[in-house]
K.L.:
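Dropping a structure here in structure tokens format, bear with me for questions.
We name chains A, B, ... by the order of the sequence lines, and we start the count at 1 in each one. Just the heavy atoms: all of them, side chains too, but no hydrogens, waters or symmetry mates, feed the values below.
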Number of protein chains: 4
Amino acid sequence: MGRLTKEPELRYTTGNNTAVASFTLAVNRRFAQEGQPKADFINVVAWSKTAEFVGKYFTKGIQVAIVGRIQTRTWDDNEGKKHYVTEVVAEEAYFADSKRSGETGGGSPAPRTYSENPPSSGDGFYPIDEDDELPF
Amino acid sequence: MGRLTKEPELRYTTGNNTAVASFTLAVNRRFAQEGQPKADFINVVAWSKTAEFVGKYFTKGIQVAIVGRIQTRTWDDNEGKKHYVTEVVAEEAYFADSKRSGETGGGSPAPRTYSENPPSSGDGFYPIDEDDELPF
Amino acid sequence: MGRLTKEPELRYTTGNNTAVASFTLAVNRRFAQEGQPKADFINVVAWSKTAEFVGKYFTKGIQVAIVGRIQTRTWDDNEGKKHYVTEVVAEEAYFADSKRSGETGGGSPAPRTYSENPPSSGDGFYPIDEDDELPF
Amino acid sequence: MGRLTKEPELRYTTGNNTAVASFTLAVNRRFAQEGQPKADFINVVAWSKTAEFVGKYFTKGIQVAIVGRIQTRTWDDNEGKKHYVTEVVAEEAYFADSKRSGETGGGSPAPRTYSENPPSSGDGFYPIDEDDELPF
DNA sequence: TTTT
DNA sequence: TTTT
């Protein structure tokens with residue numbers, strides 16, 4: 001849960017042209033004390049459909065909720081120095097902000113949410129069966 | 001992330017008069033298929049300050065985000081039959097709804113969030129130390 | 001994180017013969033006080049491959065770690081009374097127990113883990129790109 | 001869930017001498033493909049009691065389970081350059097490894113787990129009350 | 001007993 | 001119906 005520190009960046013992979021969105025979330029600490037940081041700045045990456053959703057509807061300052069997993073990456077700068085990056089890969093992205101509401105004007109209304117990974121078969125549907133009571 | 005199926009109930013323990021709020025969240029399934037349930041109905045309990053926040057600001061139909069842990073309970077009905085309940089104990093509660101915005105009228109503005117458990121000492125503040133680089 | 005209260009049940013859906021495993025986890029409370037419950041009893045369901053993994057290797061009493069999501073279900077008993085069940089659908093299942101080790105005897109060694117849902121394409125692999133610095 | 005990449009470092013804050021443990025977890029990716037990274041390297045920090053637990057019992061290579069939250073920090077190197085660090089603050093730490101078992105020899109047996117933050121009052125104990133059924 |  |  002946090003606010004975008006700036007506009008998200010939307011790019012496409014060179015290989016198969018997959019959409020990638022990246023942005024940073026300012027996540028306010030719940031019990032920040034005097035003289036301590038008041039927020040964490042979490043880097044988030046989203047892929048394909050989620051990336052496009054982000055690129056289209058997320059803007060600087062709005063509050064969003066992200067569900068995802070932590071990942072790390074390495075990249076080399078111009079001087080050949082290795083950098084380590086820890087970021088969250090978004091599996092679900094939600095609006096969680098009231099600033100968007102009351103919004104008017106052109107354009108189709110933004111869907112409120114996006115997530116990847118349709119569940120594997122069987123998931124979410126319980127087998128109807130005679131001896132299916134499962135009062136384990 | 002879900003919507004309140006009805007007004008939350010706010011009560012107080014007999015012993016030390018701690019506030020307890022309980023409500024149910026309709027959490028829409030992300031990939032509901034035809035003929036399958038389209039939502040899960042998650043029971044949530046909140047305690048003390050979080051409970052009061054909930055009782056004061058949460059209302060039927062609004063969308064909220066809850067962070068918490070799963071717990072189970074047992075209770076006996078009038079016929080002495082044992083019932084098993086699984087519920088989420090809310091550690092954090094957030095508004096995540098646009099309906100509240102644009103809101104006008106009397107009353108003090110609602111805070112947007114509440115959470116319990118101030119962190120244990122040391123938490124959230126990193127020691128400044130000479131050999132503190134931790135470039136792992 | 002918890003221990004199986006009994007052997008898991010492995011069944012198959014009537015329709016497409018998908019494996020379904022169900023079991024209960026005794027999750028010990030971290031700060032149980034006198035006179036309070038010392039554990040939560042969380043019902044878990046696993047599907048297809050994860051279910052088969054569970055059915056094959058999980059046994060009463062061992063400690064396991066489950067990553068998943070909460071879901072609810074409804075079923076009617078013989079008297080037509082509706083029952084509400086809240087359970088965790090396992091997306092990942094791990095051994096987290098030392099009792100298995102040192103184990104000898106016939107049979108192939110158990111893999112230590114199982115999980116469903118191969119990630120969507122693009123996931124987990126970052127595009128190498130010229131302007132890819134992302135030092136946010 | 002991952003393995004320590006090396007021995008954890010245990011230090012104490014200069015101010016109030018709070019224990020701080022830091023270590024890195026190699027978290028194997030579940031569906032690593034050819035040519036992709038097979039693990040994420042997650043930096044973890046633990047405080048006070050949890051830190052001491054870690055310093056005492058966690059060693060290179062063992063598998064552990066960590067429950068915590070993401071945090072970010074900033075530090076300046078010798079040349080005054082700012083560095084950004086994202087890490088997990090451990091709220092719970094568990095052994096999840098079979099290598100420790102069968103272990104013999106001197107020393108007191110290691111507890112299997114540690115966690116911080118005793119719950120706020122009211123938590124985990126449900127009020128007994130006449131009209132307390134909560135069949136919401 | 002279910003929300004939009 | 002509950003595990004160590």
K.L.:
Side chain of C:Phe41 only, please: which of F:dT1, F:dT3, E:dT2 is the nearest?
P.N.:
F:dT3
K.L.:
Would you kindly give the CE-to-C1' distance between C:Met1 and F:dT4, to the nearest whole Å?
P.N.:
13 Å
K.L.:
Rounded to whole Å, how long is the line connecting atom CD of C:Glu7 with atom C1' of F:dT3?
P.N.:
12 Å
K.L.:
Choose from F:dT3, E:dT3, F:dT1 the nucleotide whose nearest atom is closest to any side-chain atom of B:Ala39.
P.N.:
E:dT3
K.L.:
Counting side-chain heavy atoms from CB outward, which of E:dT1, E:dT3, E:dT2 is closest to C:Lys82?
P.N.:
E:dT1
K.L.:
Send over the distance from B:Asn43 CG to E:dT3 P, rounded to a whole Å.
P.N.:
14 Å
K.L.:
Starting at NE2 of C:His83 and ending at P of E:dT1, how long is that distance when rounded to a whole Å?
P.N.:
12 Å
K.L.:
Calculate the interatomic distance between B:Glu87 atom CD and E:dT2 atom C1'; express it in whole Å.
P.N.:
17 Å
K.L.:
Checking C:Lys81 now: which residues fulfil salt bridge (charged side-chain N to carboxylate O under 4.0 Å, His left out) with it, not counting sequence neighbours?
P.N.:
none
K.L.:
Do B:Phe23 and B:Glu9 come within less than 4.5 Å of each other through their side chains, counting heavy atoms only?
P.N.:
no
K.L.:
Calculate the interatomic distance between C:Tyr84 atom OH and E:dT2 atom C1'; express it in whole Å.
P.N.:
8 Å
K.L.:
Could you tell me if the side chain of C:Val20 sits less than 4.5 Å from the side chain of C:Thr13, heavy atoms only?
P.N.:
yes
K.L.:
Please name all residues satisfying side chain to side chain contact (heavy atoms under 4.5 Å, CB included) with C:Thr72, sequence neighbours left out, ordered by chain then number.
P.N.:
B:Asp40, B:Phe41, B:Ile42, C:Thr86
K.L.:
If you only use heavy atoms from C-beta on, which nucleotide in F:dT1, E:dT1, E:dT4 is closest to the side chain of B:Arg3?
P.N.:
E:dT4
K.L.:
Determine whether a donor-acceptor pair (one donor, one acceptor, N or O, separation below 3.5 Å) exists between the side chain of B:Lys38 and the base of E:dT4.
P.N.:
yes
K.L.:
Nearest to the side chain of C:Thr5, heavy atoms from C-beta on, is which of F:dT2, E:dT2, F:dT4?
P.N.:
F:dT2
K.L.:
Of the listed nucleotides (F:dT4, E:dT3, F:dT2), which one gets closest to any side-chain atom of C:Asn28?
P.N.:
F:dT4
K.L.:
Indicate yes or no: at least one non-hydrogen side-chain atom of B:Leu4 is less than 4.5 angstrom from one of B:Leu25.
P.N.:
yes
K.L.:
Rounded to whole angstrom units, what separation is found between the CZ atom of B:Arg29 and the C1' atom of E:dT2?
P.N.:
14 Å
K.L.:
What's the closest nucleotide to the C:Lys60 side chain, out of F:dT3, E:dT3, F:dT1?
P.N.:
F:dT3
K.L.:
Starting the side chain at C-beta, find the nucleotide from F:dT4, F:dT1, E:dT1 nearest to B:Lys6.
P.N.:
E:dT1
K.L.:
Please report, rounded to the nearest Å, how far the C1' atom of E:dT2 is from the CD atom of B:Gln63.
P.N.:
15 Å
